[in-house]
Amino acid sequence: MIEKTYQPADIEARMSVVWEDSLAFKAGRPDRRDAAPFTIVIPPPNVTGSLHMGHALNNTLQDILCRFERMRGRDVLWQPGTDHAGIATQMVVERQLMERQQPGRREMGREKFLERVWQWKSESGDTIINQLKRLGASCDWSRERFTMDEGLSKAVVKVFVELHRDGLIYKDKRLVNWDTKLLTAISDLEVQQTEVKGNLWYLRYPIEGKTFDPEDRSTFIVVATTRPETMLGDTGVAVHPGDERYQKLIGKSVILPLVGRKIKIVADEYSDPEKGSGAVKVTPAHDFNDFEVGNRHGLRRISVLDKEGCLDLVDNEDYLKGLPEGASQFAEEFNKVDRFVARKRIVERLESFGFVERIEPHTHMVPHGDRSNSVIEPYLTDQWYVDAKTLAKPAIAAVRSGETTFVPKNWEKTYFEWMENIQPWCISRQLWWGHQIPAWYGPDGKVFVAETEEEAISHALGYYVEQEVITAEQGREMALDRNKRDGFITRDEDVLDTWFSSALWPFSTLGWPEDAPEVKRYYPTNVLVTGWDIIFFWVARMMMMGLHFMKEAPFSTVYIHRLVRDEKGAKMSKSRGNVIDPLNLIDEYGADALRFALAREAAHTHDIKLSSQLVEINRNFATKLWNSCRFAEMNECAVPDGFEPAKAKEPLNRWIAHKAAEAAREVTEALEAHSFNEAASAMYRFVLNIYCDWYVELAKPALLGADGPLKGETRAMVAWARDEILKLLHPFMPFITEELWEVTAKRDGLLALAPWPLKPAGPTPEQLAMLAAAAGPTDPLISPAFVMPFFDHADFSDPEAEAEIGWVIDLVTQIRSVRAEMNIPPATLTALVLAGASAETRERAPRWTDVIKRMARLSDISFADRAPDGAVQLLVRGEVAALPIKGVVDVAAERTRLDKEIAKADADIKRAESKLANEKFVANAAEEVVEEEREKREAALARKAKLLEAQERLKQVS
RNA sequence: GGGCGGUUAGCUCAGCUGGUUAGAGCAUCUCGUUUACACCGAGAGGGUCCGCGGUUCGAAUCCGUGACCGCCCA
């Protein structure tokens, strides 16, 4: 029994349990042993996060594909899991400590702090998994992984060690993006350039050997800068080699104001003569471009800031080197002053000596950390890097060759653009939460990279014995006795960028580096579904790592979807307060409604503007479906054993069979092309506009009528079509369809595992060969459709049924329209006279008398040679249908209506004729297009003739 | 500055490799309780397909150009 009202919450809670208990989503089910695998790895959400609208869209799309392919007989693995999200999670826990006024991370120490993070993970780590389940995600939950679990950590270490061995990971001292708040390096991608209103300061640097005079321009050179405080670290001034103004100065030196350092004027193309004064100060230790300039000219790098972004001058040997007397006094005065305070004070000091020429307001881009939102400092440190340039090559080639394709294809351009200009990837982070870098340092700082500490120590001891730092005897002792080597080597404190471990996700989750059968079976994966915002962060890096370690690209298709925005199109953000919580929508309208809304909006080009109203509309659709199933139930509709829709006799039933097959084809093709919106819209239209509006209505007389073949077949077909709908809708609306599947008939199994209406066109020869090679004993009885070439392209097409039902629909529609137009109240039943009907119509009409009377509010249907006088005359598929409505018809109004119709017919005739009169059209256009045009003309001419006749008769009345 | 996307009904959007009478939902208006469903049904109105030029027998669709909006990278 179907409940009277559709209550998503009840159904969804129950179905989650049913699916869970039945292990329906488990990969490698025995009955699918011989089926082709279909794999998707989930973009792992942050373990301590909670479901937002982006997740809802992303996972809905993945689930649609997984459920679709599962029904098509594939062995589906949707690999779930979560990401440890280094910085984000560490920040959350640190904030929590602060709020609770507990000791901070540094006071706690690394070990204690990490314990604390794990504890937080265990408390809140299930939240998002449970939320994904509420959305209906059909992941194989038994395989859930976490980027920091044992297996994945092993993969991380192995990858690090191997890349290091191959020279693809190395340590380097260069400028990094330094977050002075989080006290860690971050990668280029984690830096957001934000427009900031600042100033351009024009500073006067006195030329060596001349007495500085603010009034005398020959005694100084003007440099423009947005960051005056970094001048303390200047080691050069650059001018453009072609800049005539400065030709004479190239090679000379200036004396750095306040500091007294003598620095050179160099010629470098980096300096833009159009910008500022055309001369720039060069601070290699605090600016990425200056770093390059410095390299080209052998300039010193002097770092004048500390980790927190304060001036670091006292005891700074680099800074103090070569400075005149009195420099230390200045150093002490400014030491440990914050960079922004220092900016102000240094400018003041420069001004007081006349070193500031002028100050211009200047808007420019300033780098900010995407997590801390503090200003990022280019900072000179030792960090670990991945040689991304080398790894990118195969990753570029794989997309070029089509081994991996992006959908939509335009994203490939973005991908290439970035990959071809890729910079070394800084992977070390000065954090605690993450995979600690497997590198150890000996007493002299030499690095030993190894998978374990044991291995590292053995390398180290071997090395130092050879170098005669320790004796062979000492080496042996230390190898045997842990206590003796305590402190001999120390591990690198840093951890890896979170994205380092996510880059391995498509194979690490399958069990790599162990020799797991899943790796062989499910790698490479089929589709990756993700938003465009993480193409660089994640997709590109998975491509690099996958190709390097597995020799195959990790996925054949990358489907990029758009972002979900609020109803006005603004990006959802906490600060804007416009965040829509998907769980609230699920609570109110059901997960199915939310999913269907997202699927229908998931077109390629636009971001999705989501409103609760949108979800409501789709909830209404679900209710409609629900009620249509109740209708079938009330009429005792059921599919008898052995029922074959193709053998239906009744035109109506043949018609719906055809329409259902057509819908199945549309949905299938759309899903194969990842056109989620088309697939969902096709179902929306089929269910509402075909099944509910017409089929069910037209079937009513048969269902309510006397028992017999007509009623029997109709009952069977109503149920059959309903089942087709449930199957086709299942990927989109899994809960309601599974529920209805269960309660509407006795079933062999879950809908989630039921066969898809349209069978795949059979395996390709390659797939057959692959399956044969995979061998293993196969039981033909349990072989899924996939293995047996099975071409099911039957569409039950039946032009006669199409014509007949089409006629009924047109007739009813037109009568309704004219009745509404003429304000005939529904209570007034009118008669219908089919005038001069063809033999076909005379034969057809009696079969539909009941239906037409019901739907068009008629009292009677009769035939006549010609329409009665004073009747409203409609043209239905070329024949006259007259409604004699004495006294009701407003003759003038009817005349106007006919005039309008005639004008329309005239326009059609004219359009067709002008085309046909065009010789070029007839000569160039495709034959069927020309033929179509001829038919249009004929039809319009016939229509006009009938309308003129009708008008003639109307004249006789008046 | 380089690149990408968009501009179609009041609103949100479909419209694919040129040929449709340019569609849908919402909103608006009219009508309605007929054996599923008011979370419903029937009907109606509503368009310079951003502008200009070109290709073509034919352009919302292809090309060029301009305007405006959004995003990414410097």
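Numbers restart at 1 for each chain; the letters A, B, ... are given by sequence-line order, proteins then strands. Keep in mind that the numbers below use all heavy atoms, side chains included, and drop hydrogens, waters and symmetry copies. Fair warning: this is a prediction, and the values are worked out from it, not measured in the lab.
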Exercise for the section: Check every strand shown and say whether A:Lys853 touches a base, only sugar-phosphate, or nothing at a heavy-atom separation below 4.0 Å. Expected result: nothing
Problem - Gap between atoms CG and P, on A:Asn627 and B:C37 respectively (whole Å) - result: 7 Å
Exercise for the section: May I ask you to say what A:Leu704 touches in the nucleic acid, namely base, sugar-phosphate or nothing, with a heavy-atom cut-off under 4.0 Å? Expected result: base
Problem - Base-pairing assignment for B:U61 (Watson-Crick or G-U wobble, both under 3.5 Å) - result: none
Completion exercise
Pairing partner of B:G43, by Watson-Crick or G-U wobble and under 3.5 Å for both distances, is B:C29
Exercise for the section: Give A:Glu633 one of three labels, base, sugar-phosphate or nothing, depending on what nucleic acid heavy atoms sit under 4.0 Å from its own. Expected result: nothing
Exercise for the section: With the side chain counted from C-beta on, respond yes when A:Ile805 and A:Tyr695 share a heavy-atom pair under 4.5 Å apart, and no when they do not. Expected result: no
Practice task
Tell me what A:Glu697 touches on the nucleic acid: a base, only sugar-phosphate, or nothing, going by heavy atoms under 4.0 Å.
Solution key: base
Practice task
Examine B:G3: is either OP1 or OP2 under 4.0 Å from a nitrogen or oxygen in the side chain of A:Lys413? Give yes or no.
Solution key: no
Exercise for the section: Give me the ring orientation class for A:Tyr6 and A:Trp626: parallel if the planes are under 30° apart, tilted from 30 to 60°, perpendicular past 60°. Expected result: tilted
Exercise for the section: Identify whether any heavy atom of A:Thr414 sits under 4.0 Å from a base atom; if not, whether one sits that close to sugar-phosphate; answer base, sugar-phosphate or nothing. Expected result: nothing
Exercise for the section: Taking atom C1' in both B:U20 and B:C37, compute the distance separating them and give it to the nearest angstrom. Expected result: 33 Å
Practice task
Return the nearest nucleotide to the side chain of A:Val929; candidates are B:G15, B:C26, B:G19.
Solution key: B:G19
Fill in the blank from the handout: Separation of B:U34 atom C1' from A:Asp693 atom CG, nearest Å, is 15 Å
Exercise for the section: Using a 4.0 Å heavy-atom cut-off across all strands, classify A:Cys629 as base, sugar-phosphate, or nothing. Expected result: nothing
Problem - Atom pair distance, as rounded to whole Å: CE in A:Met1 and C1' in B:A36 - result: 12 Å
Problem - Sidechain N-carboxylate O distance under 4.0 Å for A:Glu666, A:Lys659 - result: no
Practice task
Can you tell me, in whole Å, how much space there is between the C1' of B:G46 and that of B:U30?
Solution key: 15 Å
Practice task
Could you please name the partner base of B:C16, counting Watson-Crick and G-U wobble pairs only when both distances are under 3.5 Å?
Solution key: none
Exercise for the section: Using the P atoms only, state how far B:U61 lies from B:G6, rounded to an integer number of Å. Expected result: 13 Å
Practice task
Can you tell me the distance, in whole Å, between the CD1 atom of A:Ile617 and the P atom of B:C26?
Solution key: 6 Å
Problem - 5′-ward residue of the pair A:Glu932/A:Trp694 relative to RNA chain B - result: A:Glu932
Handout entry: Pairwise distance CD(A:Gln192) to CG(A:Asn373) - rounded to 0.5 angstrom
Key = 9.0 Å
Problem - Nearest listed nucleotide, side chain of A:Lys936, among B:U21, B:A36, B:A74 - result: B:U21
Practice task
Output yes when a side-chain donor or acceptor of A:Arg715 lies under 3.5 Å from a complementary backbone atom of A:Asn635, and no otherwise.
Solution key: yes
Practice task
Take atom C1' in B:G23 and the same atom in B:C63, then report the distance between them in whole Å.
Solution key: 26 Å
Practice task
Evaluate the ring planes of A:Tyr691 and A:Phe686, with Trp represented by its six-membered ring, and classify them as parallel (under 30°), tilted (30 to 60°) or perpendicular (over 60°).
Solution key: tilted
Practice task
Hey, which sits more toward the 5' end of RNA chain B by its nearest nucleotide, A:Thr623 or A:Lys609?
Solution key: A:Lys609
Practice task
Report which part of the nucleic acid A:Thr813 touches: base, sugar-phosphate, or nothing (heavy-atom distance under 4.0 Å, all strands).
Solution key: sugar-phosphate
Exercise for the section: Write down the partner of B:C68 under the Watson-Crick or G-U wobble criteria, each distance required to be under 3.5 Å. Expected result: B:G6
Practice task
For nucleotides B:G70 and B:C31, find the distance between their P atoms and express it as a whole number of Å.
Solution key: 44 Å
Fill in the blank from the handout: When rounded to whole Å, the NZ to C1' distance for the pair A:Lys409 and B:G3 reads 18 Å
Exercise for the section: Identify whether any heavy atom of A:Arg816 sits under 4.0 Å from a base atom; if not, whether one sits that close to sugar-phosphate; answer base, sugar-phosphate or nothing. Expected result: sugar-phosphate
Exercise for the section: May I ask you to verify if any side-chain N or O of A:Asn421 is less than 4.0 angstrom from the OP1 or OP2 atom of B:C73? Expected result: no
Practice task
Give a yes/no on whether any side-chain N or O of A:Lys4 is located under 4.0 angstrom from OP1 or OP2 of B:A36.
Solution key: no
Problem - Exercise: identify the closest heavy-atom pair between A:Ala395 and A:Met419 - result: CB-CE, 3.4 Å
Handout entry: Other residues, nucleotides, ligands: >12 heavy atoms within 6.0 Å of A:Glu669 CD
Key = yes
Handout entry: Integer-rounded Å distance: B:C40 P and A:Leu625 CG
Key = 13 Å
Practice task
Indicate yes or no: does A:Glu724 engage A:Arg665 in a salt bridge with an N to O separation below 4.0 Å.
Solution key: no
Practice task
Determine the Euclidean distance between corresponding C1' atoms of B:A24 and B:G47; express it in Å to zero decimal places.
Solution key: 15 Å
Practice task
Using a 4.0 Å heavy-atom cut-off across all strands, classify A:Trp532 as base, sugar-phosphate, or nothing.
Solution key: sugar-phosphate
Exercise for the section: With C1' as the reference atom in both, quote the distance from B:A9 to B:G15 in angstrom, rounded to an integer. Expected result: 14 Å
Problem - Distance between C1' atoms of B:U12 and B:G18 (Å, rounded) - result: 27 Å
Problem - Ion pair check, A:Lys853 and A:Asp850, cut-off under 4.0 Å - result: no
Exercise for the section: Give the nucleotide from the list B:C40, B:U20, B:G43 with an atom nearest to the side chain of A:Ala820. Expected result: B:G43
Exercise for the section: Spell out protein contact along nucleotides 54-65 of chain B as letters: B when the base is contacted, S when just the sugar-phosphate is, - when no protein heavy atom is under 4.0 Å; keep the 5' to 3' order. Expected result: ---B--------
Exercise for the section: Report the distance from atom CG of A:Leu610 to atom P of B:C13, rounded to the nearest whole Å. Expected result: 12 Å
Exercise for the section: Would you indicate what A:Arg819 reaches in the nucleic acid, counting non-hydrogen atoms under 4.0 angstrom: base, sugar-phosphate, or nothing? Expected result: nothing
Problem - Any-strand Watson-Crick or G-U partner of B:G1, both distances under 3.5 Å - result: B:C73
Problem - A:Arg854 side chain, from C-beta outward: closest of B:U12, B:G43, B:U34 - result: B:U34
Handout entry: Closest to side chain of A:Glu678, choosing from B:A74, B:G15, B:A36
Key = B:G15
Handout entry: Complement of B:C37, any strand, by Watson-Crick or G-U distances under 3.5 angstrom
Key = none
Practice task
Output yes when at least one side-chain N/O atom of A:Asn635 is less than 4.0 Å from OP1 or OP2 of B:A36, else no.
Solution key: no
Exercise for the section: Scan A:Lys700 against the nucleic acid and name what it touches under 4.0 Å (heavy atoms): base, sugar-phosphate only, or nothing. Expected result: base
Problem - Nearest-angstrom distance from the residue atom CZ of A:Phe686 to P of B:A24 - result: 19 Å
Exercise for the section: Please round to the nearest 0.5 Å and tell me the distance separating atom CD1 of A:Ile64 and atom CE of A:Met733. Expected result: 10.5 Å
Exercise for the section: Evaluate ring-ring contact (aromatic ring centres under 6.0 Å, His included) for A:Tyr559 paired with A:Phe676, printing each intermediate quantity in order. Expected result: CA-CA 11 Å; A:Tyr559 179 81; A:Phe676 298 94; 5.2 Å; yes
